[in-house]
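Just so you know, ligand 1 is whichever comes first in the structure, and atom 1 is the first atom listed for that ligand.
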Amino acid sequence: MTEIIGILGGGQLGRMLSVAAAQLGIKTHIYEPAANPPAQDVAAKVFTAAYDNNEALKEFANSVDVITYEFENIPAKTLEILEKITPVLPEKIALATSQDRAVEKRFLQKLGLSVAPFAEVNSLKDLNAAFAAFGTSAILKTRRFGYDGKGQVKITAPGQTEDAFISLNGAPAILEGFVDFEREISVIAARNKHGKVSCFDPGENIHRDGILYSTTVPANLSHTMETDAILLAARILNALDYVGVMGVELFVTKGGLVVNEIAPRVHNSGHWTQDACLIDQFQQHIRAICGWPLGDGMRHSNATMVNLIGEDVSHLNKNDGTGIHLYGKKDIKPGRKMGHYNRISPKTA
Ligand code: AMP
């Protein structure tokens, strides 16, 4: 029986996972290098130590029954140490696959799924050749450690390649051809250790400056595409023998669905489930990693989730009937996710 879950990372996702665990009578211990993480208000214990502090990692692993994580950039060495002591879910194959954009794209292609055209870039020569081959606008992205549009540069003309390449400071990268999408959607999918899969309804995402701004359900999608999106997500989870919740981001194009990226964790575009489903993505993740049956993620309402980014939080209307979720972050910074709200309305589709 799981009594205590260890969570790597103490940001808002770790915080909301901790709240969900508490609802199911389970405590959490947080491991986070930075002081005063958002999750500390709601966790039973916080380990403040670096990801290469072997002693602290061992103490943490020995204090919990299962370990999970709120972000995918966990060093392989850290995982190795933890896994020897306590199971880590989702397992490391999911991390290894999603930590590197080139590895991830090749994995998706092997499954027969469409991804943006891409080429590995290790030199300016590679970049110029790839840009010329694509013959269209493209985005240069670091292979690792990118999030919320960080580590990305858009290139629209050959004269821009050198500056773009220099801006990445020699980090291994890929060039991605620009996908002419109609809309962006994501599927939040869960799988338990028996292979049972449950997906929440696809949500439609709007990004601003590379950061998620809002997610709306139902997405504006044909039933056929909705089914395609769910089946595709399930295939990814099955292929990784995945246990937990995953976010699968997709571009909807005239030619069908193109996978943008996968995140082996609860996902910002799944926050609407907190107010529009009986079982939300956080509880679903806790259920999956604790060996519980998956819950029923059926949606009872339409919903729009809006992120409160930077100063947005200062202008929040606390009296307009939305479900408010604040992360307890003291310092407001541009681009920093401070909270979100969910507006729900009667279910129409
Ligand atoms: P990512 O961090 O790769 O998810 O990128 C963040 C956002 O940038 C995406 O959600 C899209 O809005 C946009 N974007 C990233 N890659 C592409 C692409 N190849 N084509 C068009 N838009 C993209």
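- Close contacts between ligand 1 and Arg101 involve ligand atoms 2 (O), 3 (O) [criterion: under 4.0 Å to a heavy atom].
- At least one heavy atom of Gly177 sits less than 4.0 Å from an atom of ligand 1.
- Geometrically, Lys154 engages Phe178 in a cation-pi contact defined by less than 6.0 Å to the ring centre and at most 45° from the axis.
- For ligand 1, the polar-atom distance check against Phe251 finds no nitrogen or oxygen pair separated by under 3.5 Å.
- Set against the non-hydrogen atoms of Val179, the atoms of ligand 1 under 4.0 Å away are 18 (C), 19 (N), 20 (N), 21 (C).
- The pair Asp320-Arg343 meets the salt-bridge criterion, since a charged nitrogen lies less than 4.0 angstrom from a carboxylate oxygen.
- Interface atoms of ligand 1 facing Ile139, defined by a heavy-atom separation under 4.0 Å, are 14 (N), 15 (C), 16 (N), 17 (C), 18 (C), 23 (C).
- A donor-acceptor contact under 3.5 angstrom links the side chains of His285 and Thr68, judged on distance only.
- Only the side chain of Asn260 comes within contact range of ligand 1, with a heavy atom under 4.0 Å; no backbone atom does.
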Residue pair Arg265, Glu70: steps toward the salt bridge (charged side-chain N to carboxylate O under 4.0 Å, His left out) verdict: CA-CA 6 Å; Arg265 52 173 169 79; Glu70 63 147 24; over 6 Å; no
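- Annotation: Phe178 places no N or O atom under 3.5 Å from an N or O atom of ligand 1; distance criterion only.
- Among His207, Glu184, Glu249, the residue whose heavy atom sits closest to atom 11 (C) of ligand 1 is Glu184.
- In the model, Lys329 has a side-chain atom that pairs as donor or acceptor with a side-chain atom of Gln12 under 3.5 Å.
- Residue Glu162 qualifies as open at atom CD: its count of foreign heavy atoms under 6.0 Å is 12 or below.
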